[in-house]
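What follows is a set of notes on a single structure, which appears directly below.
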Amino acid sequence: LRNWTRAAEWWQAMSESSQPSEKLSVILEDLAARFILTCPEEEFASFERIFFMIEAAHWFYVDHYLENDASLPSLGLKEFA
């Protein structure tokens, strides 16, 4: 139930956010939670694994957010990271 509540709060924040920078901030927090904060501790032992997680978050941003919202900035991997 807690996850559904958090998801509902996130979607509400997204819909209420009128500024692209506010929207981007919420999206980046979501991506950090999905790809970075939930990783097992051993994933942080290697720079390559950390970079892989950031790259996966970047592609998720491109595929799931950027394609559906033209107001968001198009970020290359270097800018995103």
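FYI, side chains are in, hydrogens and waters are out, and symmetry mates aren't considered; it's all heavy atoms of this structure. Predicted, not measured: the structure shown is a model, and the values here were computed from it. Position 1 is the first residue of the sequence, and the numbers go up from there.
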Practice item. Could you tell me whether the side chain of His58 and the main chain of Lys78 form a donor-acceptor pair under 3.5 Å? Key: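 Absent.
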Partners of [X] by side-chain contact (heavy atoms from CB on, under 4.5 Å), sequence neighbours excluded?
X: Ser74; result: Leu66
X: Ile54; result: Ile36, Ile50, Phe80, Ala81
X: Phe60; result: Leu31, Arg34, Phe35, His64, Tyr65

Check your understanding: Do Met53 and Phe51 belong together in a cluster built from hydrophobic side chains that touch within less than 4.5 Å?
Key -> no
Check your understanding: Can you tell me if CZ on Phe52 sees more than 12 non-hydrogen neighbours from other groups inside 6.0 Å?
Key -> no
Check your understanding: For Gly76 and Glu79, which heavy atoms make the closest approach, and how far apart are they?
Key -> N-OE1, 2.8 Å
